[in-house]
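Residue numbering restarts at 1 for every chain, and letters A, B, ... go by the order of the sequence lines. The figures here come from the full heavy-atom set of this structure, side chains too, leaving out hydrogens, waters and symmetry mates.
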Amino acid sequence: MKLIVNGEEHELQAATLAELLAFLEYDGDWLATAVNGELVHSADRRIHLLKDSDRIEVLSPMQGG
Amino acid sequence: MPQFYGTEVRSRLLLGTARYPSPAILAEAVRRSGTDIVTVSLRRESAGGKNGGAFFQLIRELGVHVLPNTAGCHSVSEAVLTARMARDVFATNWIKLEVIGHHDTLQPDVFGLVEAAGILTGEGFEVFPYTTDDLVVAERLLEAGCKVLMPWCAPIGSAVGPRNLAALRTMRAAFADVPLIVDAGIGRPSHAATVMELGYDAVLLNTAVAGAADPAAMAEAFASAIEAGHMAHGAGMLEPRDMAVPSTPVIGKAVFS
């Protein structure tokens, strides 16, 4: 299925958000995730089911003022 | 020392973490500033999650409070979602709330700011709103549940210093019991001392330190200036006057002719 991750289109199969992150080799306890503009808590990634054309944002801490 | 949402901090300087020449220089600037609060942001991570991990580790090792921001958000929905994501990562209810309204000046969209603040305080966030020096907006932010206000003194990164001292003085007088932090526009330690002399509780700055030739030394200079301004306010300063007042006693003056 088609998934948009951080603005880039991917064609792959991932049932859950956790599977997607593992497939794309996102790893670490500092990641924040949202799907279609809604926060998905880190604890809920294993049960959050993805569907075609979902838009996923994966953020992490960066320098800021 | 000031308290923000019930947390007492060790310093009246809040320091941003952006634009330093290197992570090591950032760490040294934080240490020499004595700051107890650093601001951070959230940005898209590349696959592999390598970028944020190193920075997150550095922040953890600094041993200071983290104040995540919503920098770059131009809408209420963006700012609220970013705040929620920041809380998930940093495990803090603190959020520096920015809702930017103007591309060139980065002036806050105060209407969106008040709306976002209301949503976030309703979800248990402890909001540090980056706002203008407008008293009515400040009132609305307090009504929305904010217990700290962060008025700008000039556009972010401009380094021009306080553009409207009268407005900052009025805000201090109007909200005597609210912790007030001047955020944005400070360029020199003397600017920071000036706003602290008005009775502000703290100063948040970034570029003035990060962009200095020696950021760590400048961080320490700012810390000294902020403490001096705070102490001067507490000590009670003279009011300016137009005419001279002799500082040396006139009585006992010799008469030579």
Chain A contact via B/Leu81 - side chain, backbone, both or neither, heavy atoms under 4.5 Å = side chain

Would you call the rings of B/Phe90 and B/Phe56 parallel, tilted or perpendicular if under 30° counts as parallel and over 60° as perpendicular?
-> perpendicular

Non-hydrogen atoms of chain B under 4.5 Å away: do they reach the side chain of A/Val5, the backbone, both or neither?
-> neither

Contact origin within B/Glu98 toward chain A - heavy atom pairs under 4.5 Å = side chain

Kindly compute the distance separating OG1 (A/Thr33) from CG (A/Leu59), expressed to the nearest 0.5 Å.
-> 8.5 Å

Do you know which of B/Ala18, B/Ser41, B/Gly16 has the most heavy-atom pairs with chain A at a distance under 4.5 angstrom?
-> B/Ser41

Looking at NE2 of B/His191 and CD1 of B/Ile186, how far apart are the two atoms once the value is rounded to the nearest 0.5 Å?
-> 7.0 Å

Counting heavy-atom pairs under 4.5 Å with chain A, the top scorer among B/Thr17, B/Asn206, B/Val38 is B/Thr17

Spell out, as yes or no, whether a donor-acceptor pair under 3.5 Å connects the side chain of B/Asp201 to the backbone of B/Ile181.
-> no

Choice from A/Ser42, A/Ala43, A/Gly28 maximising heavy atom contacts with chain B below 4.5 Å = A/Ser42

Are the side chain of B/Asn69 and the backbone N or O of A/Gly65 linked by a donor-acceptor pair below 3.5 Å?
-> yes

